[in-house]
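Just so we're on the same page: letters track the sequence lines, and every chain starts at 1.
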2 protein chains.
Amino acid sequence: MAEHTEAAPGSATIARLRRELARGTTELAVLSVLSVRRRYGYELLKVLRQAGEGVLEVKEGTLYPLLHRLEDSGHILATWEAEGRSRPRKYYVITPDGRTYLAMLRTEWSGLVDGMRQLLDTLGEVQE
Amino acid sequence: MAEHTEAAPGSATIARLRRELARGTTELAVLSVLSVRRRYGYELLKVLRQAGEGVLEVKEGTLYPLLHRLEDSGHILATWEAEGRSRPRKYYVITPDGRTYLAMLRTEWSGLVDGMRQLLDTLGEVQE
DNA sequence: ACCCGATACCTTATGTGACAAGGTATCGGG
DNA sequence: CCCGATACCTTGTCACATAAGGTATCGGGT
């Protein structure tokens with residue numbers, strides 16, 4: 001027993017809570033952004049931070065692996081582009097397959113939101 | 001290399017997708033139900049299945065450990081009750097602490113929902 | 001009398017995404 | 001000349017969800 005673990009092991013509190021709730025959401029967010037137009041990774045990081053109003057605090061360690069997964073599954077396509085600069089960027093485009101998948105994700109998400117709303121609302125009234 | 005893995009490794013498809021999206025949601029759902037009145041575990045299973053309209057397909061292996069975690073952190077209290085039957089039930093009540101936590105969870109959840117809505121809506125218009 | 005499905009509780013092994021932390025390299029300013 | 005921003009990446013750890021499997025009781029149906 002060295003330095004008493006500064007916080008209880010299983011309680012990073014609000015940060016963990018937020019993280020768990022937002023789980024799976026990043027994929028939806030990323031594909032949505034890409035459905036408008038192509039973007040490169042670092043750009044996505046900034047776009048998501050702005051758009052989500054701080055709610056979607058995507059980290060680099062989350063985004064890059066996610067992009068690789070989406071690429072592997074054929075939902076997006078990557079192309080390196082230099083555009084005259086020596087610091088090249090990796091642009092991602094959504095594929096038709098990705099659009100189909102995105103539609104599915106949207107459906108799932110609104111289903112969940114509706115389900116939760118109903119559950120929360122219903123409960124307020126039950127009171128039985 | 002025995003029987004070719006019936007489905008690609010990382011693609012349990014819709015089930016996984018749904019699971020990841022709903023992550024963290026169960027805690028909110030359970031505490032919400034308990035905020036109305038006390039329930040025992042198996043009962044929660046059924047209540048959640050009904051209320052959530054199939055969206056919140058809580059499994060036993062998810063619920064019981066969750067209840068233990070909530071108990072350990074003082075958000076709920078458990079009491080065994082026989083009520084004349086030989087098959088006793090373990091009833092859970094929400095604590096004041098749990099109510100505070102629930103409020104926090106609700107806030108986080110609606111923040112996420114709002115953030116996502118905004119992001120999805122905004123994107124539809126940007127089109128830039 | 002007997003078995004089975006529902007009721008009720010539980011645990012262990014596995015998967016998966018999020019993240020912290022750390023790495024590489026370029027470029028523009030001060 | 002160095003530092004912070006731009007850009008990309010990886011590895012180790014955590015926490016939750018689930019599949020699968022266990023124990024035990026009870027009420028019906030045959």
A.B. asks: Rounded to whole Å, please give me the gap between CG in A:Leu67 and P in D:dC9.
C.D. replies: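 Rounded to whole Å, this separation is 8 Å.
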
A.B. asks: What is the distance, rounded to the nearest whole Å, between atom CG of B:Leu17 and atom C1' of D:dT18?
C.D. replies: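 Taking atom C1' of D:dT18 as the reference, CG of B:Leu17 is at 16 Å.
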
A.B. asks: Taking the nucleotide of DNA chain C with the closest heavy atom to each, which residue, A:Arg87 or A:Thr25, is nearer the 5' end?
C.D. replies: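 Of the two residues, A:Thr25 wins.
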
A.B. asks: Is A:Glu43 salt-bridged to A:Lys46, going by a charged N under 4.0 Å from an acidic O?
C.D. replies: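 Result for this pair is no, no salt bridge flagged.
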
A.B. asks: Students often get this wrong, so: under 4.0 angstrom with heavy atoms, is A:Arg23 touching a base, only sugar-phosphate, or nothing?
C.D. replies: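 Base contact.
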
A.B. asks: Check whether any side-chain nitrogen or oxygen of B:Arg16 sits under 4.0 Å from OP1 or OP2 of C:dG17, and answer yes or no.
C.D. replies: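 Yes, because at least one side-chain N or O of B:Arg16 sits under 4.0 Å from OP1 or OP2 of C:dG17.
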
A.B. asks: Return the minimal non-hydrogen interatomic distance between B:Tyr64 and B:Tyr42, and the atom names on each side.
C.D. replies: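 It is OH-N, 3.8 Å.
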
A.B. asks: Counting just side-chain N and O atoms, does A:Thr62 come under 4.0 Å of either OP1 or OP2 of C:dG17?
C.D. replies: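 For A:Thr62, the contact criterion (side-chain N or O under 4.0 Å from OP1 or OP2 of C:dG17) is not met.
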
A.B. asks: What nucleic acid atoms does B:Glu43 come within less than 4.0 Å of, heavy atoms only: base, sugar-phosphate, or nothing?
C.D. replies: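 If one applies the 4.0 Å heavy-atom cut-off, B:Glu43 turns out to touch nothing in the nucleic acid.
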
A.B. asks: Measure the distance from CD on B:Glu20 to P on C:dT14 and round it to the nearest whole Å.
C.D. replies: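 Going from B:Glu20 (CD) to C:dT14 (P), I get 18 Å.
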
A.B. asks: Find the distance A:Leu48:CG to C:dC19:C1' and express it as a whole number of Å.
C.D. replies: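 Atom-to-atom, A:Leu48 to C:dC19, this comes out as 16 Å.
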
A.B. asks: Mind checking who C:dG30 pairs with, Watson-Crick or G-U wobble, both distances under 3.5 Å?
C.D. replies: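 Pairing partner, where one exists within any strand: D:dC1.
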
A.B. asks: Ignoring backbone atoms, test whether A:Tyr64 places a side-chain nitrogen or oxygen under 4.0 Å from the OP1 or OP2 oxygen of D:dC8.
C.D. replies: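 For A:Tyr64, the contact criterion (side-chain N or O under 4.0 Å from OP1 or OP2 of D:dC8) is met.
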
A.B. asks: Report yes if a side-chain nitrogen or oxygen of B:Lys90 is closer than 4.0 Å to either non-bridging phosphate oxygen (OP1 or OP2) of C:dC10; otherwise report no.
C.D. replies: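 It does, given that an N or O in the side chain of B:Lys90 lies less than 4.0 Å from OP1 or OP2 of C:dC10.
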
A.B. asks: Students often get this wrong, so: under 4.0 angstrom with heavy atoms, is A:Gly41 touching a base, only sugar-phosphate, or nothing?
C.D. replies: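 Sugar-phosphate: the residue A:Gly41, judged by heavy atoms under 4.0 Å, touches backbone atoms but no base.
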
A.B. asks: Ion pair present between B:Glu81 and B:Arg89, side-chain N to carboxylate O less than 4.0 angstrom?
C.D. replies: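 Looking at B:Glu81 and B:Arg89, the cut-off is not met.
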
A.B. asks: In whole angstrom, what separates B:Arg18's CZ from C:dT16's P?
C.D. replies: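 Atom-to-atom, B:Arg18 to C:dT16, this comes out as 18 Å.
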
A.B. asks: Using the ring-ring contact (aromatic ring centres under 6.0 Å, His included) rule, pick out the option among A:Tyr91, A:Tyr92, A:Trp80 that qualifies with A:Tyr40.
C.D. replies: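 Exactly one option meets the ring-ring contact (aromatic ring centres under 6.0 Å, His included) with A:Tyr40, and it is A:Tyr91.
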
A.B. asks: When you check the phosphate oxygens OP1 and OP2 of C:dA18, does a side-chain N or O of A:Thr26 lie under 4.0 Å from one of them?
C.D. replies: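 A:Thr26 to C:dA18 OP1/OP2: side-chain N or O found under 4.0 Å.
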
A.B. asks: Which nucleotide in the list C:dC9, D:dC9, D:dA15 gets nearest to the side chain of A:His68?
C.D. replies: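 Of all the options, the side chain of A:His68 is nearest to D:dC9.
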
A.B. asks: Please tell me if A:Tyr40 has a side-chain N or O lying less than 4.0 Å from either OP1 or OP2 of D:dC8.
C.D. replies: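 It does not, given that no N or O in the side chain of A:Tyr40 lies less than 4.0 Å from OP1 or OP2 of D:dC8.
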
A.B. asks: Rounded to the Å, how far apart are B:Leu21 CG and D:dA17 P?
C.D. replies: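 It is 13 Å, rounded to the nearest whole Å.
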
A.B. asks: Which part of the nucleic acid does A:Glu27 contact within heavy-atom distance under 4.0 Å: base, sugar-phosphate only, or nothing?
C.D. replies: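 The answer is nothing, as A:Glu27 stays clear of every strand by at least 4.0 Å.
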
A.B. asks: Side chains of A:Tyr101 and A:Glu27: is there a donor and an acceptor less than 3.5 Å apart?
C.D. replies: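 On atom types as modelled, these side chains qualify, holding a pair under 3.5 Å.
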
A.B. asks: Write down the distance between CZ (A:Arg49) and C1' (D:dA5), rounded to a whole number of angstrom.
C.D. replies: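 Whole-Å distance recorded here is 13 Å.
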
A.B. asks: Does a nitrogen or oxygen in the side chain of A:Arg19 sit under 4.0 Å from OP1 or OP2 of C:dA18?
C.D. replies: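 No.
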
A.B. asks: For D:dC8 and A:Tyr42 - does any side-chain N or O of the residue sit under 4.0 Å from the phosphate oxygens OP1/OP2?
C.D. replies: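 Indeed not, no polar side-chain atom of A:Tyr42 lies that close.
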
A.B. asks: Starting at CG of A:Leu63 and ending at P of C:dG17, how long is that distance when rounded to a whole Å?
C.D. replies: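 Value for this atom pair: 14 Å.
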
A.B. asks: Assuming nearest nucleotide by heavy-atom distance, tell me which of A:Arg89 and B:Glu60 is located more 5' along DNA chain D.
C.D. replies: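 Taking each residue's closest nucleotide, the earlier one in sequence belongs to A:Arg89.
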
A.B. asks: Check this for me, if you would: do B:Arg69 and B:Asp72 make a salt bridge, where the nitrogen-to-carboxylate-oxygen distance has to be below 4.0 angstrom?
C.D. replies: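 No salt bridge links B:Arg69 with B:Asp72.
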
A.B. asks: Less than 4.0 angstrom between a side-chain N/O of A:Arg69 and OP1 or OP2 of C:dG17, yes or no?
C.D. replies: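 Checking A:Arg69 against C:dG17: at least one side-chain N or O falls below 4.0 Å of OP1 or OP2.
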
